[in-house]
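What follows is one structure encoded as structure tokens, with my remarks underneath.
Numbers restart at 1 for each chain; the letters A, B, ... are given by sequence-line order, proteins then strands.
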Amino acid sequence: MAKVLLLQGNQACAEGAIAAGVTFFAGYPITPSTEIAEIMAKRLPEVGGKFIQMEDEIAGIGAIVGASLTGKKVLTATSGPGFSLKQEFIGYATIAEVPIVIANVQRVGPSTGQPTAPAQGDMMQARWGTHGDHPVIALTPASVPECFTLTIKAYELSEKYRMPVLLMLDEIIGHMREKIEIPDYDTIEKPVRKGPRVGPSEFKAYEPDSDGVPPMADFGTGYRYHVTGLVHDETGFPNGSPAATEKLLKRLHEKVERDIDKITMYEEYKLDDAEIAIVTYGGTARSAYAAIDMAREEGIKVGMFRLISVWPFPEKEIAQLAQKVKVIVVPELNYGQMVGEVKKAVEGKVPVKPMSKYDSEPISPKELLEFVKNL
Amino acid sequence: MAKVLLLQGNQACAEGAIAAGVTFFAGYPITPSTEIAEIMAKRLPEVGGKFIQMEDEIAGIGAIVGASLTGKKVLTATSGPGFSLKQEFIGYATIAEVPIVIANVQRVGPSTGQPTAPAQGDMMQARWGTHGDHPVIALTPASVPECFTLTIKAYELSEKYRMPVLLMLDEIIGHMREKIEIPDYDTIEKPVRKGPRVGPSEFKAYEPDSDGVPPMADFGTGYRYHVTGLVHDETGFPNGSPAATEKLLKRLHEKVERDIDKITMYEEYKLDDAEIAIVTYGGTARSAYAAIDMAREEGIKVGMFRLISVWPFPEKEIAQLAQKVKVIVVPELNYGQMVGEVKKAVEGKVPVKPMSKYDSEPISPKELLEFVKNL
Amino acid sequence: MIEMRLSGSGGQGLILAGIILAEAALLDGKMAIQSQSYGPEARGGASKSEVIISEKAIHYPKVTKPNLVLAMTQEAVDKYSKDLPADGILMIDTTFVKKVPDHLKNVYHLPITEKVTAELGKALFANIVALGAIVATTKAVSVESITTAILHRVPKGTEDINKRALELGIALVAK
Amino acid sequence: MIEMRLSGSGGQGLILAGIILAEAALLDGKMAIQSQSYGPEARGGASKSEVIISEKAIHYPKVTKPNLVLAMTQEAVDKYSKDLPADGILMIDTTFVKKVPDHLKNVYHLPITEKVTAELGKALFANIVALGAIVATTKAVSVESITTAILHRVPKGTEDINKRALELGIALVAK
Amino acid sequence: MAIKTIGKHCKGCGVCVTFCPKQVLGLDALGKITVVDETKCITCKQCEMRCPDYAIFVEKK
Amino acid sequence: MAIKTIGKHCKGCGVCVTFCPKQVLGLDALGKITVVDETKCITCKQCEMRCPDYAIFVEKK
Amino acid sequence: MEKLIEKYYRPRLPHIWCPGCGNGIVTSSIIKAIDKLGLDQDKTVIVSGIGCSSRASGYLNFDTVHSLHGRALPVATGIKLADPELNVIVITGDGDGTAIGGNHFIHTARRNINLTVILFNNNIYGMTGGQYSPLTPTDSKATTAPYGTLERAFDIAELAKAAGATYVARGTAFHANMLVDVIAKGISHDGFSLIEAVTQCPIYFGRQNKKGDASAMLKTQRDNAVTVEAAKKLSPEQLEGKFKIGVLHQSEAPEYTKQYQAIIDRAQKGAK
Amino acid sequence: MEKLIEKYYRPRLPHIWCPGCGNGIVTSSIIKAIDKLGLDQDKTVIVSGIGCSSRASGYLNFDTVHSLHGRALPVATGIKLADPELNVIVITGDGDGTAIGGNHFIHTARRNINLTVILFNNNIYGMTGGQYSPLTPTDSKATTAPYGTLERAFDIAELAKAAGATYVARGTAFHANMLVDVIAKGISHDGFSLIEAVTQCPIYFGRQNKKGDASAMLKTQRDNAVTVEAAKKLSPEQLEGKFKIGVLHQSEAPEYTKQYQAIIDRAQKGAK
Ligand SMILES: Cc1ncc(C[n+]2csc(CCOP(=O)(O)OP(=O)(O)O)c2C)c(N)n1
Ligand SMILES: Cc1ncc(C[n+]2csc(CCOP(=O)(O)OP(=O)(O)O)c2C)c(N)n1
Ligand code: SF4
Ligand code: SF4
Ligand code: SF4
Ligand code: SF4
Ligand code: SF4
Ligand code: SF4
Ligand SMILES: [Mg+2]
Ligand SMILES: [Mg+2]
């Protein structure tokens, strides 16, 4: 039976994971993400799952990679410093095609920065944090209910494309409590991993279907395959030939690019007649709703394009947006990150104005309104 | 006395460091960067310096951060996987303003990838690899002599701006041997760190001069100051107020932005009358020189804008370039990284064509020529 | 829409109080958002818990124009009552707060901690007393809902004493 | 410009041979670039060392049109002689190579390892023998410079035997 | 002999009160350290040694 | 009894030659394993056990 | 003590630690040891990681580094090797030093570089609000162990010894004078020294595990600690549930920075 | 043996290891132990890190993971905890397992999770071409120690024991049969088992340190190894320069995944 609760974003993320069928969590505590671990520690045994606090963040992601190979849905959660430490393994999960979900609840600044204050400073790191070329899927919830639904969505994408999916929360969303209606988990469709359709003798572990994604066998079911971070061919064994290298890296990218329209998620808020578009995401979108409502009352035609999936970046949609509006404003809690992507997509068609705030406070609706008025 | 030698790029980088006055190296072996460590292990004791192989890459960068605080010039060297592991500390050195130099000799692919083959897949990671907002300086040598000179330059920049400087080599440049004329090291001006001009009692460890850079005292000289990765104020002690946060993060960026013209280095090759511009860097530039010479013989007006400093990205110069040429080609050994920056700078003025190769082989001059011809 | 800020020092249970207030609002069928802020330095330092209650969807989760500020320490008054408009309500625990800003008109001087220690023997329930005072003053939520919300959140076996604390709070302002 | 590829298996010292060749070119006052490629799997597998020598600056460091390929194993022939033009020189060590591509005109069948083992008692110097053969065939560098370059790179005490290996190589093709 | 307390530093943990062998110390209504009966003090400095907040110092005269 | 050698696997390390108690084995000109005198073999399987490359197998008949 | 505070603390008090937290006591023990040995304040460096305990560096008037979580030892190693004249003291927590920093811990011990490490062991992650650490006793409650911890805690002294540490001691916040003493001995020791300082976190470890207030936790330290000397006279049964304090291990091995200097001397003579 | 190869090896031979490298021998010892115990091939997983030795996983016909440098143990922990029915065997090198992977090593031992770790100890980083490792003996030459190594090597068996390992053994490539035996015992042991397999890298460790060819290095193993039983009868002087082989330590402690199951049972009963 559905329940109405007052939950934190972090809590909703943990509950979303349970609802999606997650049965394994490994991680290392770090503010402002720790509640996710704490809730999983309590909840997982209740649903027959396992929680383990590892010795560091690297071990945390390593353990979920291992658990995923046994067929489990897995989660780890962290914040900036831990996210930096996990990067090498994110690359591993990408090239070895191991579905995992990582929640990063962003804090302020490089290094230790300011652990308890909000920022959106890891957005570009989410895209480029690991070495080498790799595709990325990253989602940014803007409300507590969305923390729940996007977490489930993360598993859908992660299982479908066999790759890491990042949940990029910020401290605003992660720590605020709001109303959420939680459905009975039995009514939620659990994302399913595509298993092999042939027997072990015909199985080639990394031979893709036409969607570019190879079916994945669970460890312990007799398929006996090899998983490696080296460049490999369809057999899964190392093959560093130029042909195999290109084929693999291309496929990894194309399985995402091909479906970019399916993956892309965004919300349009009062954009229909807008002359000014605010492009933003996550906690900052909350300021934008409010600012837009205020602006509209003053007759200013402003609307919002809210990025829900930030990576892959919806280039096409933003290019279209640039056809419709006169100016684009990109408020962010950082020194200017996603605004660069917007600029790239807009190609000079309309002015793109960054509105960067990085003083550890959220952007208030009033500030944003002023900014829009002074354009 | 100057000597003519046949050296590898990695060797020239190590010798450049010695010439710049480096007396401390800490690292962890990894192909294709290991020669740098091996040479430093041999050479440093000869010049009274210290080499230490640490237990992992994180410890390697941690140790050079420590050594730098005592006033030493320091180096670590790594490749992709190790570069990923070092990211957290790169952020630390940035916010704590500790001058360090990191050489990353890039290999193929995410994760273990292909350790012995060339790629340029960590270019965006160099910019965005650590969490939070941070400025970056990164240089890309395109020859063995340039490995030597840019390494010295890296110390000049690192000491001047009190921040990490990245030397982004690729396997082509790191492992090829070519002629280099090495001057007598005594004739080389050693970069100097700006020390305090006041006594310990008046000293505020993080109070910047007008150039945005605070003078830096060596540990053990009586200034007794505090170094932290937390957001802090001029005193160096934690201060998480919005004002202090904004002030610090802004200053970190502005000390670089202010001097961007001084930091920016590039080479123009046969660009004067060019209609086609090739924008590239590192090992791929070697293919471009050759391809341009071949094209010119066929009467094709093509030239190269070779990025030497890739970060901060020379946006202004590329925007100007877009005024002069009809099309820009960006060959890279990756799935398309710097081409995005070029696009951002060009703002749709002229077409920007990526020429991405990521099959573990360099781009041959002939391939590049064909590409240019087929534009 | 009513915006409230509950502030004090780390150990005073104000985050919990904010949560209870927001949950009570949900029970009343309203929308509510609760958020908090604390530094790593907030061990014993100032901390705040903010609650916004509204009939409609609430976009921005932080308090921008507080209708009420509860301040349980002097530091909290100094730090968190600045943006309170002249007609806003400032509610202080006189046990710890000695000085209030001049320009404010509606200041409730309540001996919260003193009273609760005297009546219930433990300072621990001061946050519930404060809730009682807030609810009685603002009517932001119904007494029924706040009671349910409190009982839902407090440890078993402490229901009665918590109810008494709530009543104490209500009585404090009734006076 | 002359482009040469020295190929064989991991332990045969061909990287060193390439370096020596390039250093000799520098001694001759020319430009030279040496590069190599090997996989992590190249322990015992095929590996190559490439040398380009020119009077002018050399831009692209990899061999694109080899003038000469030295192949010290069958795998090396198969893998690294493909792009050798019909008039290019293929030099093989007959000790290990049994089959050569048909289309090539200039194939030097040299019993390098066999000979060096017989004459100097150790297969170790096969790379220097090969250098002798290459220099004698291509005149890419002077005999004087290659001798100096070899002596500069080899361990003390092995100068004489290395010189004899070089001469052996020169003699192999002189025949 | 003098017992010096620094109210600004004291966090009222009660450690000094517990370990004072002579019941010299106590906490006031605001939970801060207070000297109840200085005359009983034997200057053993237990309080000074154990105060985690450097809020109490005892000097032998 | 039969000694089976796999030339493709043998890397000529000489370990089997060294540890064969009966001098049954040797390396050929190309440095590959070769059976010098099979008749002396006592099927002790030292060679098989020690070969790092799985290039020699001995079967008792 | 008041004078020591003036001399060795920065004017940044009160510190951020909770009421009753043992960190203040352990920190002052370090200061007393430094003062006792008369170390040159300008030649003494304190390096910490991240955690409540690691905040100590910010209060002390030396050259100080508040580094990254788990990474105090590599930074300290860099400082000490780069300038062996400096006295380098490391402040770390049980999480900082033995969870994320465990690898640096064993390797730094193995190298026997002359650092003095004071590990504030409060059996919990304090800074992040009460998760279990590798030194949390089995069957304890923690926010990430709502059903109780399964894992056995490290005997960090044994681990240090096995890794190669040449000086290992343990003290407690209760036995503050003895703590000063074992820290001073550790600083004087020419090699890697570990001092485990058992301390109380009444807020997280104490509350979750019903250990009482700070005073009660200090009493527990008093009651469960047995000096190395006294322990010798006790039977295993009598030692059940107790832990030893004092110098637990001391041995001789070449010190890293001295050995390195010898290499420099050799290299500069052109020897190989 | 030929049959074992057919059954347990993938058709990917010859392997990449150098002539005379001991990795092939240690790998076949693992296979023999698996065969001896009759483990279900479909329920056995092999996890390795990165290094020459870690390439072994790719040759063996099981579910196999060639993970990241130093990270085999976390991955193995995830597999084992997620599916305790699987037999999980870890292959690691001295660099992989004790340098970059040292922290995972001690923590996995501490947790006493039922993994069997075979650490290929060739005293060097083979894959990257001969740098020193934490198990390189003092005063050895390595490409990063042209003047000889200064550091003392870990006694990895002692370290594992101090960290909490409940089964610790050592074998050598020379004593291949005994190695099979101690590996088999380790697999059967219900808890964390470490088997150090001393092996030769003739190419890098051997050459740089003039240890002769593979045969000579195998003879050195033969001559310097003393069984645990024999060692008991020898004086410290007689043991000088020798190392012990056999089962070095075995003890009882609750196994992690079993304990976790108990927690699940409790939680599902609603108990707390
Ligand atoms: C890389 C990284 N991971 C996690 C954290 C979060 N974190 C800060 S302190 C801490 C644990 C502190 O525990 P301990 O070292 O025992 O110190 P205490 O606070 O108990 O003194 C953690 C997990 C961090 N800052 N950086
Ligand atoms: C993060 C990271 N750092 C460094 C490396 C490079 N690397 C690969 S294997 C290896 C050492 C291998 O030594 P060991 O574990 O002893 O294995 P061996 O090759 O000797 O069997 C190193 C340093 C890497 N792949 N990844
Ligand atoms: S010095 Fe001793 S007797 Fe005096 S107040 Fe302090 S603890 Fe009590
Ligand atoms: S021990 Fe210190 S902080 Fe605690 S009550 Fe006494 S004086 Fe105050
Ligand atoms: S079985 Fe024994 S005797 Fe026969 S070849 Fe092998 S080692 Fe020699
Ligand atoms: S031991 Fe094996 S690889 Fe070595 S020579 Fe004998 S058969 Fe060949
Ligand atoms: S949380 Fe614990 S360790 Fe941290 S300051 Fe408070 S009492 Fe001390
Ligand atoms: S380098 Fe050493 S460890 Fe690696 S395969 Fe060769 S001999 Fe074996
Ligand atoms: Mg702790
Ligand atoms: Mg090794």
Side-chain angles (χ1 to χ4, degrees), chain A residues 23-26 41-74 76 88-93 95-96 98 100 200 205 217-230 232 235-238, chain H residues 10 12 16 40-48 50 55 57-88 100-101 103-104 106-108 110-111 113 256-257 260-270 272:
Chain A
T23 54
F24 195 93
F25 181 101
K42 175 84 176 61
R43 291 283 280 127
L44 278 172
E46 292 172 3
V47 300
K50 321 267 171 90
F51 166 91
I52 185 168
Q53 183 178 304
M54 297 295 285
E55 52 273 24
D56 62 19
E57 284 89 350
I58 300 175
I61 187 168
I64 66 167
V65 163
S68 178
L69 291 169
T70 72
K72 306 291 185 288
K73 283 200 261 304
V74 300
T76 192
E88 191 194 6
F89 249 121
I90 292 178
Y92 183 85
I95 195 170
V98 183
I100 58 173
D218 295 347
F219 270 26
T221 59
Y223 283 85
R224 291 192 219 147
Y225 67 101
H226 188 56
V227 178
T228 180
L230 280 168
H232 50 270
T235 64
F237 298 112
Chain H
R10 289 168 169 146
R12 298 185 64 233
I16 61 160
D40 183 344
Q41 202 166 347
D42 288 340
K43 293 286 179 195
T44 301
V45 175
I46 297 189
V47 183
S48 64
I50 299 288
R55 283 301 195 96
S57 59
Y59 299 114
L60 301 176
N61 195 359
F62 302 89
D63 284 319
T64 52
V65 190
H66 181 226
S67 71
L68 287 174
H69 189 42
R71 316 303 174 189
L73 285 170
V75 173
T77 295
I79 294 171
K80 182 72 189 178
L81 181 56
D83 189 351
E85 287 208 347
L86 301 175
N87 311 300
V88 182
I100 192 167
N103 205 25
H104 311 308
I106 57 176
H107 283 276
T108 316
R110 183 173 63 83
R111 277 185 207 107
I113 184 165
Y256 190 87
T257 65
Y260 204 98
Q261 191 53 50
I263 277 195
I264 293 180
D265 296 345
R266 262 203 290 157
Q268 293 195 325
K269 279 201 210 97
K272 214 180 161 183

Which bit of [X] comes within less than 4.5 Å of chain H, counting heavy atoms only: side chain, backbone, both or neither?
| X | value |
| --- | --- |
| A:V74 | neither |
| A:I64 | neither |
| A:K50 | both |
| A:A26 | neither |
| A:Y225 | both |

* With a 4.5 Å heavy-atom cut-off, do H:R10 and A:F237 have their side chains touching? -> yes

What's the spacing between [X] [atom1] and [Y] [atom2] if we round to 0.5 Å?
| X | Y | atom1 | atom2 | answer |
| --- | --- | --- | --- | --- |
| H:L81 | A:I52 | CG | CD1 | 5.5 Å |
| A:E55 | H:R111 | CD | CZ | 4.5 Å |
| H:T44 | A:R224 | OG1 | CZ | 9.0 Å |
| H:D63 | A:T221 | CG | OG1 | 6.5 Å |
| H:H66 | A:H232 | NE2 | NE2 | 12.0 Å |
| H:D83 | A:F24 | CG | CZ | 11.0 Å |

* **Contacting moiety of H:Q41, where chain A heavy atoms sit under 4.5 Å** =>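 Answer is both: backbone and side chain atoms of H:Q41 are under 4.5 Å from chain A.
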
* Examine whether an atom of H:F62 lies under 4.5 Å from a heavy atom of chain A, and if so say whether it belongs to the side chain, the backbone or both; otherwise answer neither. =>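 For H:F62, the contact with chain A is made by the backbone alone.
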
* Largest heavy-atom contact set with chain A, pairs under 4.5 Å, which of H:Q261, H:R110, H:H104 -> H:H104

* Among H:L68, H:V75, H:V65, which residue forms the greatest number of heavy-atom pairs with chain A at distances under 4.5 Å? -> H:L68

* Asked: Could you walk me through whether H:T77 and A:M54 pass the side-chain contact (heavy atoms from CB on, under 4.5 Å) check?
  -> CA-CA 10 Å; H:T77 295; A:M54 297 295 285; 4.1 Å; yes

* Asked: With no hydrogens and no angle check, is any side-chain donor or acceptor of A:E46 less than 3.5 Å from a backbone partner on H:Q268?
  -> no

* State, to 0.1 Å, how close H:I264 and A:P45 come at their nearest heavy-atom pair, and which atoms those are. => CG2-O, 3.7 Å

* To do: Between chain H and each of A:G91, A:G236, A:G48, count heavy-atom pairs under 4.5 Å; write down the option with the most.
  =>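 Heavy-atom pair counts peak at A:G48.
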
